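When reading the values below, keep in mind they use all heavy atoms of this one structure, side chains included, and skip hydrogens, waters and symmetry mates. The shown structure was predicted, so the numbers you read here are calculated from the model rather than taken from an experiment.
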Amino acid sequence: SAAPPTDLHEGIEVTLRLLRPKWADRITIHPNFGPIPPIHAVPGQMNQVFMNLLANACEAIPDHGNIWVTTRHADGQVHVTIRDDGTGIRPEDLHHIFDPFFSTNPHGEGTGLGLAISHGIVKDHGGTFEVTSEPGRGTEITVRLPVNPSGDQSS
């Protein structure tokens with residue numbers, strides 16, 4: 001049951017529209033969409049990943065800030081990078097961010113499941129996550145997804 005070819009740009013745009021109340025008045029979104037092929041992925045699951053990553057980026061910006069959303073195609077993979085100039089993640093927390101129920105949010109906001117679920121979805125699609133963060137400077141998360149998840153890199 002191969003997943004249908006999915007346009008990730010469409011999913012990102014839908015997600016940004018849904019999240020608009022979280023960012024409209026205070027965050028500038030900088031889309032930088034490269035030419036990417038459709039990938040074989042479950043659209044609803046991909047949208048869930050983008051929803052989690054973009055909602056986290058919005059929450060990481062306490063006041064006014066920026067989110068950069070960059071897509072590109074390289075080495076048979078589509079790379080989606082979401083970067084914010086928010087509070088960042090402490091180095092000692094960085095390797096815990098995919099743990100279920102781990103959250104850097106104060107007062108128990110959020111479940112801490114968003115990134116754990118996203119990590120599982122990306123892994124199921126044969127992809128990987130890369131996270132870099134600097135406290136006070138922001139966080140950058142890159143999701144790499146294979147265009148052909150079967151491992152067939154011929155096209």
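Between P62 and A60, the shortest heavy-atom distance links the atoms CD-O, 3.2 Å. S133 and G138 get closest at one heavy-atom pair: OG-O, 3.1 Å. Between Q77 and H79, the shortest heavy-atom contact is OE1-NE2, 3.5 Å.
The side-chain hydrogen bond (donor to acceptor under 3.5 Å, both in side chains) test applied to T28 returns no partner, not counting sequence neighbours. Every ring-ring contact (aromatic ring centres under 6.0 Å, His included) that H9 has, sequence neighbours left out, goes to F33. For W68, the ring-ring contact (aromatic ring centres under 6.0 Å, His included) partners two or more places apart in sequence, or in a different chain, are H30. Not counting sequence neighbours, the partners of E134 by the salt bridge (charged side-chain N to carboxylate O under 4.0 Å, His left out) test are R137. Scored by the salt bridge (charged side-chain N to carboxylate O under 4.0 Å, His left out) test, E130 finds R144 as partners (sequence neighbours excluded). Taking the side-chain hydrogen bond (donor to acceptor under 3.5 Å, both in side chains) definition, one finds that K123 meets it with nothing, sequence neighbours left out. With sequence neighbours excluded, the residues satisfying side chain to side chain contact (heavy atoms under 4.5 Å, CB included) with E140 are T81, R83, T132, T142. Remark: N47 engages no residue in a side-chain hydrogen bond (donor to acceptor under 3.5 Å, both in side chains) (not counting sequence neighbours). In this structure H95 satisfies the side-chain hydrogen bond (donor to acceptor under 3.5 Å, both in side chains) test with no other residue, sequence neighbours excluded. In this structure, R26 has no salt bridge (charged side-chain N to carboxylate O under 4.0 Å, His left out) partners at least two apart in sequence or on a different chain.
Between the SG atom of C58 and the CD1 atom of I27 there is a distance of 4.0 Å, given to the nearest 0.5 Å. Summarising the geometry, atom CG belonging to N32 is positioned 7.0 Å from atom OG1 belonging to T71; distances are rounded to the nearest 0.5 Å. Going from atom OG1 of T6 over to atom CD1 of I39 covers 6.5 Å, rounded to the nearest 0.5 Å. Distance CD1/I82 to CD1/I67: 8.0 Å, rounded to 0.5 Å. Atoms CD1 and CZ, on I97 and F129 in that order, are 8.0 Å from each other to the nearest 0.5 Å. In this structure, the separation between CD1 on I141 and CG on N56 is 7.0 Å, given to the nearest 0.5 Å.
The shortest distance between side-chain heavy atoms of D85 and I61 falls below 4.5 Å. Proximity of L54 to V69: side-chain heavy atoms (C-beta onward) are separated by under 4.5 Å at one or more points. Side-chain contact between P5 and P37 is absent, with no heavy-atom pair separated by less than 4.5 Å.
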Next item on the list: Show the numbers, then the answer: is there a side chain to side chain contact (heavy atoms under 4.5 Å, CB included) between H125 and V42?
Entry: CA-CA 9 Å; H125 284 82; V42 181; 3.8 Å; yes
Margin query: For a side chain to side chain contact (heavy atoms under 4.5 Å, CB included) check, start with the C-alpha distance between T128 and V122, then their side-chain angles and the critical distance, and finish with the verdict.
Written below: CA-CA 6 Å; T128 58; V122 168; 5.6 Å; no
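The aromatic rings of H119 and F98 lie tilted to each other, with the angle between the two planes from 30° to 60°.
A side chain to side chain contact (heavy atoms under 4.5 Å, CB included) with M46 holds for exactly one of V143, I12, V80, I121; it is I121.
Residues in residues 42-64 take part in no ring-ring contact (aromatic ring centres under 6.0 Å, His included) pair, two or more places apart or across chains.
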What donor-acceptor contacts under 3.5 angstrom involve side-chain atoms of residues 15-24, with partners at least two apart or in another chain?
| unit_1 | atom_1 | unit_2 | atom_2 | d |
| --- | --- | --- | --- | --- |
| T15 | OG1 | G11 | O | 2.7 |
| K22 | NZ | E59 | OE2 | 3.3 |
| W23 | NE1 | L16 | O | 3.1 |

